[in-house]
Amino acid sequence: MIRGLVEARAAPSFLLMNNIHTLILSRRIKEAAPEGRTISHATKRIGLRPSTNKEITACLVPICSLYGAAVTTVEGVGSIKTRIHPVQERLAKCHGTQCGFCSPGMVMSIYTLLRNHPEPTPEQITESLGGNLCRCTGYRPIVESGKTFCVESAVCQMKGSGKCCMDQEERSFSDKQEKICTKLYNEDEFQPLDPTQEPIFPPELIRMAEDPNKRRLVFQGERTTWITPVTLNDLLELKTNFPKAPLIMGNTTVGNVKFSNKFHPVFISPLGLPDLYFVDSTDDGVTIGAGYSLAQLNDALQFIVSEQPKEKTKTYRALLKHLRTLAGAQIRNMATLGGHVVSRPNYSDLNPILAAGNAIINLISKEGERQIPLDGHFLERSPDASLKPEEVVLSVYIPHSPQWHFVSGLRMAQRQENASAIANAGMSVQFEEGTDRIKALQMFYGSVGPTVVSASQACQQLIGRQWDDQMLSDACRLVLDEIYIPPAAKGGMVEYRRTLIISLLFKFYLRVRQGLNKMKFPNIPEKFLSALEDFPIETPQGIQTFQCVDPSQPPQDPVGHPVMHQSAIKHATGEAVFVDDMPPIAQELFLAVVTSTRAHAKIISIDTSEALALPGVVDVITAEDVPGDNNHQGEIFYAQNEVICVGQIVCTVAADTYAHAKEAAKKVKIAYEDLEPRIITIEQALEHNSFLSVEKKIEQGNVEQAFKYVDQIIEGEVHVEGQEHFYMETQTILAIPQEEDKEMVLHLGTQFPTHVQVSGSLNVPRSRIACHMKRAGGAFGGKVTKPALLGAVCAVAANKTGRPIRFVLERGNDMLITAGRHPLFGKYKIGFMNNGVIKAADVEYYINGGCTPDESEMVIEFIVLKSENAYNIPNFRCRGRACKTNLPSNTAFRGFGFPQATVVVEAYITAVASQCNLPPEQVEINMYKRTSETAYGQTFNPALLRRCWKECLEKSSFSARKQAAEEFNKNNYWKKRGLAVVPMKFTIGIPLTYYNQAAALVHIYLDGSVLVIHGGCEIGQGLHTKMIQVASRELNIPESYIHLPETSTITVPNAVFTAGSMGTDINGKAVQNACQILMARLQPVIRKNPKGTWEDWVAKAFEESISLSTTGYFKGYQTNMDWEKGKGNPYPYFVCGASCSEVEVDCLTGAHKLLRTDIFVDAAFSINPALDIGQVEGAFIQGMGLYTTEELKYSPEGVLYSRGPDDYKIPTVTEIPKEFYVTLVRSQNPIAIYSSKGLGEAAMFLGSSVLFAIYDAVTAARRERGLTKTFTLSSPATPELIRMTCVDQFTDLVSLD
């Protein structure tokens, strides 16, 4: 869709996101992670270069920079009101959406790629998605939807035979009666892609671009001025007049003014100035215009590399390697070469390489042109090597690499793509011709200091040396002496970064040795060769296996079919409405929070005078404004007298815009007096005996006695750190006070609307509070209790001001205030026989609950109850307590303690195997073998557990691959492979019966259409879709007849939370009950007219005064737990499974690559295999993140450092398994609806197979280095932990330093 957009008051501070939201109320733009990782949009601009489509980041693009550009949002791609685009259709039908919040960005990325490359390669699909984040799907179906546009055959080629690997004998199931399906969608339904039907570039913009009489553009804002020059002389004139004004091209650096609070009165934007866009290639090198984006730089270098001899392109190839992983495609499309070079970020991946390649910066000003070398003096910001204020970067010259010259770029980051380097380097060496004697040497390091640093002194001392092992040894010592990282350096990881400095140097040394070998010098040992290559970025592929629907099932019955998510098309077109998409309401105000900066302190005073004086500010709300209770079940809404954590809400500011509210919040002055003790860690809580709950314990057998009769006893400790929910839609609430009876309407994303009826804080009955929940952009437990706290905060503000309040937490505040998964500290003592049989286990768990109770007591109960996992140990004791600390309260999170607790279990299983010289998988001798009672007295039949375990081992070819990994490890010293397989015995539901109840409301209308409402919440898991499937089966009508609008406390009161994998179980039973009641009422009518239509029967029933509306109810599973006795039947049923993962670890950097994962989960009968597989895959990837890349960092004072995507790394598309197999194992579960099982959480723990595969690889590395002692690999296994555990001469050198 192309339409003109006129903004008469375009302000320089306005971003594309703000304007589209404001001017056209686009629901398609979602801000999930503002620091340059948001939804992308396609733009097209005509200039001297051919017009191109590129995806950009709306939250960083100033609206003034888009003069003359055509911007396409997802609504311009396709709409359910007009025609959906093939990209949108395939993303939806391939089940690539769950919550749908990230879906418009995925659509725009693939759409933009197709506009430029109508027949893309799978690699291009993967690369195009690299700048996007998704927390729900696990990425695999998103990639698959894009791959349907590729020319390559969609048939699985994994076996090299051209046939699907599922056709091979080794992947067929032993039960030949079961017909197995592997396709979740039908490609025949897809509409073809027709590039000729895409919108053309608006002719009026072409005429504008070609206008020879262009004039300087000036946009005047309240405080800032934006100026766009039209000639180079005009630019130089402006720079002379405004020497301190930043130049804005891509805005990826200055754009973060939004986050760094810097102010610039004038912006100069030479975007599109022809003099800055060129490539000039000569015999000696290439000069590239400063205006070239990093994406254009990539294209230019690719062309040069293809044209020039290989020996001349070493610098270019080093740059290309880093350009592939630098940020995401959106940022690379925006960031410019000149901007990147001149901003000199300390973490730059490109500048060290450019410096090593002897690049030169060409500058220009009114005074003329000059050149400065892009060298250590420039990068270290030496005054004599910097730009003058009036100068502009015109271009960058990069010389060809001469003979006997080697250049490399090296980096290590928390994840492979879209992450700043922990340490990086650009290195080059020039040899005297025909020798291996050093003539010149340069080493530049990034992310190890406040600037990129040069090891110039070390390099100078090495001139004239031969390139041999002794030189390397001396070089390592010299570089460590020269590059100092202080102990309190920003970002920490000092020892690791110092190790990386010399590890990267060693990699460079090996690469050069290999290059010299081609010139007849000695080669490096063959076992070292694998250290030369970085892990490749490959397109994931795999198979999803489930049982086909019985052929005798009526075709109209959708149960068991992989039905598309009911909102999937709306997700893909951006027309699914989230709370902040709701149009502005008259007189609405925006809320900004003021949070505590102290972990434990007395509030001396709150001065709001300066804030209240600012324009647009209506009021400041404090605890004194709460008309009712300021505390709900221990959760404090507004801090009063005392703060108990950093991030506690002290007050809020209500203003006419969010910008005004946020600015005023900064002006609120709070005086504190620190209090003791300040407790941050679990260890400190244990020291101060600080707990939130009493000890929980289960026990069987006689543990102490059993320890006396075992061959060996081991003891150990395991730390499992916390996890941020990182749902794409942050906590968002719209509170609307009503004019009568003190009523309040709340619209929000929550898993527990009943809990958000904030009547206590307003001192009104619950019946006056209406909570509406249509959908949430992800939740994962983070929207169970926290929306009640934030809802009360918002409602109190709405009550005081008497006006609607829109309350949207920024990502940083959301992470700070709402906390996440409980960090866990586990201690174990295990007694076992020499054959690996465990006779006794004594386990203790402690979790960091934070400052208030929240869900911590229930979490520790779940941890204790699930602490056996799959193992039947005859003498078993487990105790657990929730610690009270001065951190924000941790809360529910997918798996509810199980993913943390079972890491401890698998850790001691692995330790026992190590002590007995057995592979960990052989300790299955401790698994449940026959129907037995658990340690808490509930009966468990392990048949499905053992079936999943057996099939996982067999169908993953575990033994053969384990052998292959061992062979690989023998032949490779610096890279190691590891395999691990973990079993799972997960439990579903809540030990309290009343938390398992549910209700539904079903109306049949006179036209035969049906309205279904239930108490469950749609948070991306497809609950509403399954409820429609249930109603369709029970009423025997097509799904198209059924509508499910929202969840509301008005229609279904007192609903329990949607959590514990119980959503379908309990709400499905309630919907089923309602439908069966209605069908029973219709039976007399149907019997009289058996050949009638549904519409006939409904009309006749109405005529006969038969009620066509009813409620349905499910009383709940009968569960119980007696904690005094430590016995009960706390869960209705078990979900079993197993997962096998294989990784490869780079011992020099700590990087790892997930090569393959096989998952087998007991799904019983899947109501919707597409949704269930999506839940399994998404949970696995989220679990993998918990155990590897996701790291929360706090200061000793309790300040959260990791408050956004720059510092907290969830998995991206490049982290998922290269091969990903998921199998839903068929069984029976008569207790649940249609014999199904809840699968939303179970697979979270299966991600630990990656953790233990890493452990296996690290063990192999340590064993080769003579370190045979058992060690504990805590979670997460970050690159830092992996590298520093792979002890070698480099870690030794750093530790001695």
Side-chain angles (χ1 to χ4, degrees), residues 1-7 10 16-17 19-20 23-24 26-29 39-58 61 63-91 104-120 124-125 128 146 148-151 190-214 217 228 230 271-274 277 291-293 295-296 299 329-330 333-334 572-575:
M1 180 176 68
I2 299 288
R3 59 167 161 161
L5 182 63
V6 177
E7 170 55 272
L16 174 60
M17 171 170 282
N19 274 61
I20 293 184
L23 293 177
I24 61 174
S26 174
R27 292 195 293 267
R28 289 76 173 160
I29 298 184
I39 298 310
S40 51
H41 303 273
T43 63
K44 196 169 186 177
R45 186 188 297 272
I46 294 289
L48 293 183
R49 307 169 314 287
S51 64
T52 56
N53 296 277
K54 63 180 183 178
E55 51 180 329
I56 59 172
T57 302
V61 178
I63 193 68
C64 297
S65 71
L66 293 172
Y67 182 80
V71 179
T72 304
T73 67
V74 73
E75 70 180 349
V77 173
S79 167
I80 54 176
K81 296 170 185 171
T82 53
R83 180 187 76 94
I84 64 170
H85 192 276
V87 172
Q88 296 165 323
E89 177 197 37
R90 297 189 196 188
L91 183 70
M106 302 297 180
V107 167
M108 295 311 301
S109 292
I110 299 173
Y111 172 78
T112 308
L113 174 65
L114 294 177
R115 290 298 304 268
N116 297 320
H117 302 280
E119 295 183 345
Q124 287 175 316
I125 294 289
S128 72
T148 62
F149 294 102
C150 297
V151 177
F190 296 159
Q191 56 177 316
L193 175 69
D194 184 356
T196 66
Q197 298 303 303
E198 301 297 350
I200 63 169
F201 190 80
E204 60 268 33
L205 295 184
I206 296 176
R207 288 192 292 272
M208 274 175 51
E210 295 172 348
D211 182 0
N213 301 312
K214 287 184 195 171
L217 287 172
T228 301
V230 293
L271 195 65
L273 205 60
Y277 296 86
Y292 256 44
S293 71
Q296 291 170 318
D299 293 343
Q330 299 94 328
N333 282 327
M334 297 165 62
T573 62
E575 290 163 291

State, yes or no, whether a side-chain contact exists between Ile125 and Cys150 at a heavy-atom distance under 4.5 Å. yes
Can you give me the closest heavy-atom contact between Gly68 and Leu205, atom names plus distance? O-CD1, 3.8 Å
Nearest-0.5 Å distance that lies between atom CD in Gln197 and atom CD in Gln191: 10.5 Å
Could you tell me whether the side chain of Glu119 reaches within less than 4.5 Å of the side chain of Pro195, counting heavy atoms only? no
Return the CD to CD1 distance between Glu575 and Ile80, rounded to the nearest 0.5 Å. 4.0 Å
Quick check: does any side chain N or O of Gln124 sit under 3.5 Å from a backbone N or O of His117, one acting as donor and the other as acceptor? no
Atom pair CD1/CZ of Ile110 and Phe149 - distance to nearest 0.5 Å: 7.0 Å
Rounded to the nearest 0.5 Å, what's the gap from CE on Met106 to CG on Leu91? Could you check? 8.0 Å
Report yes if the side chains of Pro120 and Leu114 come closer than 4.5 Å at any heavy-atom pair, otherwise no. yes
With sequence neighbours excluded, residues passing side chain to side chain contact (heavy atoms under 4.5 Å, CB included) with Asp211: Asn213, Lys214
Go through the side-chain N and O atoms of Glu55 and Ser109 and say whether any donor and acceptor fall under 3.5 Å apart. yes
Only counting residues at least two apart or in another chain, list the ones meeting side-chain hydrogen bond (donor to acceptor under 3.5 Å, both in side chains) with Thr196. Asp194
Indicate the atoms forming the closest heavy-atom contact of Ser128 with Ala329, along with that distance. O-CB, 4.4 Å
So OH of Tyr67 and CG of Leu271: to nearest 0.5 Å the spacing works out to 13.5 Å
Shortest non-hydrogen contact from Pro104 toward Val74: CB-CG1, 4.0 Å
On a heavy-atom basis, which atom in Met334 and which in Val61 lie closest, and how many Å separate them? CE-CG2, 3.6 Å
Mind checking side-chain hydrogen bond (donor to acceptor under 3.5 Å, both in side chains) for Glu198 and listing every partner two or more places apart, or none if nothing turns up? His85, Tyr111
Test side-chain hydrogen bond (donor to acceptor under 3.5 Å, both in side chains) applied to Thr228 - qualifying residues, sequence neighbours left out: Trp226
Closest non-hydrogen contact found for Val77 with Met108 is CG2-SD, 3.6 Å
Assess whether side-chain contact (heavy atoms from CB on, under 4.5 Å) is satisfied between Lys81 and Thr573, documenting all intermediate values. CA-CA 10 Å; Lys81 296 170 185 171; Thr573 62; over 6 Å; no
Hey, what do you get for CG (Leu217) to OG (Ser65), rounding to the nearest 0.5 Å? 11.5 Å
